[in-house]
Asks: 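Pasting a structure here, questions to come.
First the proteins, then the strands, lettered A, B, ... as listed; each starts at 1. Remember, predicted model here, so these are calculated numbers, not experimental data.
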Amino acid sequence: MPRYNPAAIEPKWQAFWDKHQTFTTEAMPQGEKMYVLDMFPYPSGDGLHVGHPEGYTATDIVCRAARMQGKSVVHPMGFDAFGLPAEEHAIKTGEHPRIQTEQNIDTFRRQLKMLGFSYDWSRELATTDVEYFRWTQWIFLQLFDTWFDDQQQKGRPIAELPIPVEVQTAGDDAVGEYQDDHRLAYQTKAPVNWCPALGTVLANEEVIDGKSERGDHPVVRMPLRQWMLRITAYASRLEADLESLDWSEGVKALQRNWIGRSTGAEVDFWIGARSEELGASFEEWKQQRENFPRKPDGDVLRVYTTRPDTLFGATYMVIAPEHPFVEQLTTADKAAAVKAYCEQAAAKSDMDRTELAKEKTGVFTGSYATNPVNGQPTPIWVADYVLISYGTGAIMAVPAHDERDFEFAKQFQIPIQAVVDPSETASDRDAVLAGEQVFTGLGAAVNSGEFDGLSTSEFKTKITEWLTENGLGKQAVNYKLRDWLFSRQRFWGEPFPVLHELDANGKPTGHVRAVPEDQLPVDLPHLEDFKPHGRPEPPLDKAPDDWLFQTIDGVRYKRETNTMPQWAGSCWYYLRFLDPKNSKALVDPEIEKAWMPIDLYVGGAEHAVLHLLYARFWHKVLYDRGVVSTAEPFQKLVNQGMILGSNNEKMSKSRGNVVNPDDVVKEYGADSLRLYEMFMGPLEQVKPWSMEGVNGVYNFLGRVWRMIVDDNAENFCLNPAVCDDEPTDEQNRVVHKTIKAVTDDIAKLSFNTAIARMMEFTNFFTKQDRRPRAAMESLVLLLSPFAPHIAEELWRSLGHEKSLAYEPWPKYDESLLKESEVEIPVQIKGKVRGKIRVPADADQATIEETARKDEKISEQLKLKAVVKVVVVPGRLVNFVTKEKD
RNA sequence: GGCCGAGUGGCGGAAUUGGCAGACGCUCUGGACUUAAAAUCCAGUGGGGGGUAACCCCCGUGCGGGUUCGAGUCCCGCCUCGGCUACCA
């Protein structure tokens, strides 16, 4: 009867684990703790993709091995279930998105269980659970209640925000406004990416080349009231703390890049004269300047530059079309042109800006500023290649040493003044100095007055000091990171726990109040239909009045009708897994302290920037507010590589190369799928699918089965070769070598090589007529994290009643690994010319002597003079020779 | 354009501090078993050359240099592919 039959074995053991609650973890760790987390999936209608089980199998192996090594392991799974597809389905069918979402979750759960992952299912959650998003809303209230203290670099309760006297005297409204201006969650009317086809605004990250990431619809910019999260306040800590994390340098680099820290200087250019004629007033202004003001006055244009050393080469300036000074700097004769240009820029979608990026555009305002270092009048232009959202929204342009400025200067025939001399050996030096070619590298200062001759870095320091002394500038740091646009005009998301005060006419007064904590959660209202109305107002505006309006203490309020983006739920799910049923807190502090941080977090590289940055940001706020005990949530992070189709292309329906895990399990079983995905190659690498490969590991499992079980027998019995002998020395060496290799490889997440070692074990013992039971048991235990179903079945066959899930992990004995004799290569001039056998612990002299005595070697050495001998004990011998004269 | 990653047989991949390149698997070929097939088992499988044979020699880790007794691994200069990002001053 008993051929290897996964279809019979696997459901049986899955039911067993379920029934015995094998993988349910205690609330508190019992010994050494280990928190291993997978990036939870979005339960799409297509069901599980073969990419999902890749990371999930990796973490499952780590968890199963860790349990056997006596660790207390928490390994949960849940669903990131808010999002557009369910809502789009609802729009099409009129069915509530919750129905579709729950069906999809059921499918995902069934498929995950089918693969035998050792999750603690009692901790399962979905971000769409009302009891879950109650706490998402609670965290939003913390963000709303927090301001960032720059001095302490820490988020603090808004009640502790120092209120300036002038604000205090202006009354309660002014104080409230001042507080609102400092909250980590704040509102702003900002140009946003409005996508008419989806009927929603999108975050910058969701717009690719001016089109929506989802659906590829055109996106236009328009101003709208939005909730923003002040992630920029944490930019410095988000960058600095990367250092402490056990992440790949690549992902750290991605995050650093996104945060985009740069250092340079802010410099004030005087605009008191406006014209090319300065008179004496510039010198006067310069004389009376003492300190560099925190906020620029109206008589200067402040710029940010990373190259203050090129100040002498600034031949013009540019302000962004949205810059507040545009109007006042525009002279009467240029007014029409400037107005037209700015209007055009405002109407441009991001797509237009991108497409026109090759060609610079801009207009002259007619005004001049004065270069603080040399008093040169410098024309001020308006151009959209300068962004209002970065730095000060204005730049000094140095065409000789900046590619964009060079391009612009060429186009508008603006003078180009070289101030950095590339090294004398540079081939294009003359062209650079003549202003015919741009040079952005480092060099020596020229045409820079008293600073001539200084190197770029020295000059930077010196000029920044000079600017500071004279109150004309100061060192400054900037980040590319922008505040996080946090609201969406969708139905299927978390409602904001926020009320807008209304006046007697039902118009918003601008006052906002938080929904009290004890009134959470704010559930979604019942809607008759889910269609967006194509206006930027959110679908929740159609909610019934009893949801939409509230009266508290005689004041009428309207609920916030935006919802949170999908990122919200995934920003903190790892905390809820630790204490999923807690109705008093998002997580019990003792439990949080015991399990955090996450020891291993595995997921796709597509989340290397946004999800991980957002989650780290929330975590830091919760840390500052005393909710969590660690500064960082994810101590170790690993990104699995994408699995491609067998044609080496990304799997997609349109390419027809999608592999469905259900089909693979039906044909080969879950153990083969798991084993294959781990055997394909290194976890982090991109690799193509191969069905022959699946068949290969399936054959391996069959060989393991037959090594232990007699599959010719009518009824179940062990293979007659399995015996109670003591293992021979050679057998012991194989067993212990395998234990060591597999144990080490699991620790390194090098699963493909661990499997190869177990194949070698099996190839060896299959050839042995007597197979000691102890050896067979060791292999079954080693194999169990990878292929748990067959392992449980074999374990039982070997006479054990209990599951092997908590059986102690096999130990290896170093002394049994050693061979008494080793074979080492003998090289002559680096080429292998023979092999010798020597005792494993032979010293250099013995090895050299043995090598010289070797027949073949001595033959060859006779003809040559030995110049040098290199002996690496246990490794090789190399005779360096030259021809005899 | 910028940043990151990767180039090793027909394919996926393996190779402590630099130390026998190609572990393990797939594919393919031959053989055993079988009436036959499937399944299984055994052997071979980087390229070229020499030998009846046991064996022996040469070349070989994207390309070109370098360091070293010795380089897939380290250094310099390129090429190709993949991912992310893109006017951030």
Side-chain angles (χ1 to χ4, degrees), chain A residues 3 208-209 248-254 256-258 260-262 264 303-307 310 317-318 353-354 356-358 360 383-387 389-398 401-405 407-408 440 478-482 605-606 608-609 639 641-642 644 646 648 650 675-676 679-682 684-697 699-700 702-703 706 711-712 744 750 752-760 762-763 766-767 823-835 856 867-872 874-881:
Chain A
R3 294 255 298 254
I208 312 283
D209 288 337
S248 74
E249 284 308 314
V251 177
K252 285 189 190 179
L254 279 176
R256 281 201 195 97
N257 225 314
W258 194 264
R261 180 191 160 95
S262 74
V303 302
Y304 171 74
T305 177
T306 54
R307 292 293 300 273
T310 61
M317 300 180 81
V318 183
R353 284 204 180 191
T354 312
L356 296 172
K358 289 148 218 152
K360 295 269 183 297
D384 68 0
Y385 82 92
V386 169
L387 309 173
S389 50
Y390 185 77
T392 60
I395 62 157
M396 64 172 206
V398 185
H401 306 292
D402 180 282
E403 297 200 14
R404 296 149 299 182
D405 298 345
E407 218 179 290
F408 190 87
T440 59
N478 259 298
Y479 295 94
K480 283 199 240 178
L481 186 68
R482 305 294 149 81
E606 66 274 21
V609 178
N639 288 126
M642 208 193 325
L644 304 174
S646 51
N648 252 302
K650 207 167 157 174
L675 205 60
Y676 172 63
F679 190 58
M680 291 171 83
E684 298 188 65
Q685 194 166 302
V686 179
K687 12 181 210 274
W689 186 269
S690 149
M691 268 311 172
E692 287 82 10
V694 183
N695 195 55
V697 295
N699 285 340
F700 162 64
R703 281 205 310 283
R706 288 187 298 276
D711 72 338
N712 292 321
D744 293 351
S750 178
N752 53 332
T753 51
I755 294 165
R757 297 294 89 83
M758 290 190 280
M759 287 173 168
E760 285 174 356
T762 307
N763 291 344
T766 301
K767 293 190 174 95
E823 187 187 64
I824 62 172
V826 181
Q827 300 180 340
I828 293 175
K829 287 178 86 171
K831 295 217 155 93
V832 181
R833 286 291 125 97
K835 308 244 167 115
K856 256 175 15 200
V867 180
K868 186 177 173 186
V869 184
V870 182
V871 180
V872 185
R875 272 297 188 190
L876 56 57
V877 189
N878 188 11
F879 291 101
V880 186
T881 61

Asks: Would you say a side-chain N or O of A:Tyr390 is under 4.0 Å from OP1 or OP2 of B:A89?
Replies: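 So the side-chain polar atoms of A:Tyr390 do come within 4.0 Å of the phosphate oxygens OP1 or OP2 of B:A89, strictly under.
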
Asks: Enumerate, in order of first residue number, the stems that involve RNA chain B, defined as 3 or more consecutive Watson-Crick or G-U wobble pairs with both distances under 3.5 Å.
Replies: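 The stems that RNA chain B takes part in, listed by first number, are B:1-7 with B:79-85, B:10-12 with B:24-26, B:28-32 with B:40-44, B:46-50 with B:55-59, B:62-66 with B:74-78.
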
Asks: Counting just side-chain N and O atoms, does A:Gln685 come under 4.0 Å of either OP1 or OP2 of B:G5?
Replies: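 Checking B:G5 against A:Gln685, no side-chain N or O comes under 4.0 Å of OP1 or OP2.
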
Asks: Could you check A:Pro688 against A:Gly393 and say which one's nearest nucleotide on RNA chain B is further toward the 5' end?
Replies: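 Here A:Pro688 is the residue nearer the 5' end.
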
Asks: Given side chains that start at C-beta, do those of A:Val826 and A:Arg833 come closer than 4.5 Å, heavy atoms only?
Replies: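 A:Val826 does not reach A:Arg833 side chain to side chain.
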
Asks: Strictly by modelled atom types, are A:Ser389 and A:Arg482 linked by a side-chain donor-acceptor pair under 3.5 Å?
Replies: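 A donor-acceptor contact under 3.5 Å links the two side chains.
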
Asks: P atom, B:G9 versus B:A23: distance in rounded Å?
Replies: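 Nearest-Å result for B:G9 against B:A23 at atom P: 13 Å.
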
Asks: To the nearest 0.5 Å, how far apart are CD in A:Glu606 and CE in A:Met642?
Replies: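 Interatomic distance, A:Glu606 CD to A:Met642 CE, rounded to 0.5 Å: 8.0 Å.
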
Asks: Could you classify B:G77 for me, syn or anti, using a glycosidic angle within 90° of 0 as syn?
Replies: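 This nucleotide is in anti.
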
Asks: Does A:Pro682 offer a backbone N or O that forms a donor-acceptor pair with the side chain of A:Lys687 under 3.5 Å?
Replies: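 Flag set: sc A:Lys687 to bb A:Pro682 pair under 3.5 Å.
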
Asks: Got a second to check how far A:Asp402's CG is from A:Thr305's OG1, nearest 0.5 Å?
Replies: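 The OG1 atom of A:Thr305 is 8.5 Å from CG of A:Asp402, to the nearest 0.5 Å.
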
Asks: Considering just the side-chain nitrogens and oxygens of A:Lys868, establish if one lies under 4.0 Å of OP1 or OP2 belonging to B:C69.
Replies: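 For A:Lys868, the contact criterion (side-chain N or O under 4.0 Å from OP1 or OP2 of B:C69) is met.
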
Asks: Tell me the interatomic distance from A:Lys480, atom NZ, to B:G2, atom P, rounded to whole angstroms.
Replies: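 Rounded to the whole Å, the gap is 13 Å.
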
Asks: OP1 or OP2 of B:G70 sitting under 4.0 Å from any side-chain N/O of A:Arg833?
Replies: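 No, A:Arg833 has no side-chain N/O under 4.0 Å of OP1/OP2 on B:G70.
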
Asks: Rounded to whole Å, please give me the gap between OH in A:Tyr676 and C1' in B:C11.
Replies: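 Atom-to-atom, A:Tyr676 to B:C11, this comes out as 10 Å.
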
Asks: Please report, rounded to the nearest Å, how far the C1' atom of B:C69 is from the CD1 atom of A:Ile828.
Replies: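 A:Ile828 atom CD1 is separated from B:C69 atom C1' by 13 Å.
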
Asks: Could you check which of B:G13, B:C84, B:U85 has an atom nearest any side-chain atom of A:Lys687?
Replies: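 Closest nucleotide among those given: B:G13.
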
Asks: Is it the case that A:Tyr479 and A:Ser262 place a side-chain donor and acceptor less than 3.5 Å from each other?
Replies: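 No - no donor-acceptor pair under 3.5 Å links their side chains.
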
Asks: Which residue lies toward the 5' end of RNA chain B, A:Thr392 or A:Val880, if each is placed at its nearest nucleotide?
Replies: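 This one resolves to A:Val880.
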
Asks: So which nucleotide from B:C87, B:A89, B:C3 ends up closest to the side chain of A:Lys360?
Replies: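 Between B:C87, B:A89, B:C3, the one nearest the side chain of A:Lys360 would be B:C87.
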
Asks: Measuring only the C1' atom in each nucleotide, how far is B:G1 from B:G13? A whole number of Å is fine.
Replies: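 Here B:G1 and B:G13 have their C1' atoms 34 Å from each other.
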
Asks: Whole-Å distance between B:C87 P and A:Leu387 CG?
Replies: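 It works out to 7 Å between those atoms.
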
Asks: Quote, to the nearest angstrom, the P distance that separates B:G62 from B:G7.
Replies: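 Between the two P atoms, the distance is 8 Å.
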
Asks: Quantified in whole Å, what is the C1' atom distance between nucleotide B:C84 and nucleotide B:U27?
Replies: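 So the two C1' atoms sit 35 Å from each other.
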
Asks: With no hydrogens and no angle check, is any side-chain donor or acceptor of A:Arg757 less than 3.5 Å from a backbone partner on A:Asn752?
Replies: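 No: the side chain of A:Arg757 does not pair with the backbone of A:Asn752.
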
Asks: When rounded to the nearest 0.5 angstrom, what distance separates OG1 in A:Thr310 from CE in A:Met396?
Replies: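 A:Thr310 atom OG1 to A:Met396 atom CE measures 3.5 Å (nearest 0.5 Å).
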
Asks: What distance separates A:Leu644 CG from A:Trp689 CH2, expressed to the nearest 0.5 Å?
Replies: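 So the CG of A:Leu644 and the CH2 of A:Trp689 are separated by 12.0 Å.
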
Asks: In whole angstrom, give me the gap between the C1' atoms of B:G18 and B:C3.
Replies: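 About 29 Å, rounded to a whole number of Å.
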
Asks: Parallel, tilted or perpendicular: which one describes the rings of A:Tyr385 and A:Phe408, with boundaries at 30° and 60°?
Replies: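 Tilted: the ring planes of A:Tyr385 and A:Phe408 meet at 30° to 60°.
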
Asks: Taking any heavy-atom pair under 4.0 Å as a contact, classify A:Ser262: base, sugar-phosphate, or nothing.
Replies: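 Sugar-phosphate: the residue A:Ser262, judged by heavy atoms under 4.0 Å, touches backbone atoms but no base.
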
Asks: Rounded to the nearest 0.5 Å, what separates atom OH in A:Tyr676 from atom CG in A:Asn695?
Replies: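 A:Tyr676 atom OH to A:Asn695 atom CG measures 11.5 Å (nearest 0.5 Å).
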
Asks: Quote, to the nearest angstrom, the P distance that separates B:C20 from B:U61.
Replies: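 Result for the P pair: 15 Å, nearest Å.
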
Asks: Does A:Val869 reach a base, just sugar-phosphate, or nothing at all? Heavy atoms under 4.0 Å.
Replies: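 No contact.
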
Asks: Could you state the NZ-P distance from A:Lys829 to B:G70, rounded to the nearest angstrom?
Replies: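 The distance from NZ of A:Lys829 to P of B:G70 comes to 9 Å, rounded to the nearest Å.
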
Asks: Please work out if A:Lys767 contacts a base, only the sugar-phosphate, or nothing of the nucleic acid, heavy-atom cut-off 4.0 Å.
Replies: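 It contacts sugar-phosphate atoms only.
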
Asks: When the P atoms of B:C63 and B:G10 are compared, how many Å lie between them, rounded to an integer?
Replies: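 Straight-line distance between the two P atoms is 14 Å.
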
Asks: Rounding to an integer number of angstrom, what distance separates B:A15 and B:U67 when you compare their C1' atoms?
Replies: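 Comparing C1' positions in B:A15 and B:U67 gives a spacing of 22 Å.
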
Asks: Can you give one letter per nucleotide of nucleotides 19-34 of chain B, going 5' to 3': B for a protein heavy atom under 4.0 Å from the base, S for sugar-phosphate only, - for none?
Replies: BB--BBSSS-------

Asks: Quickly work out the A:Glu403 CD to B:A86 P distance and round it to whole Å.
Replies: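 Between P of B:A86 and CD of A:Glu403: 18 Å.
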
Asks: Could you tell me how far apart A:Phe408 (CZ) and B:A89 (P) are, to the nearest whole angstrom?
Replies: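 One finds 18 Å between P of B:A89 and CZ of A:Phe408, rounded.
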
Asks: From CD of A:Glu407 over to P of B:C87, roughly how many Å is that when rounded to an integer?
Replies: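 These atoms are roughly 13 Å apart.
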
Asks: Looking at A:Asn878 and A:Val870, would you say the former's side chain and the latter's main chain have a donor-acceptor pair under 3.5 Å?
Replies: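 Judged by distance alone, no pair lies under 3.5 Å.
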
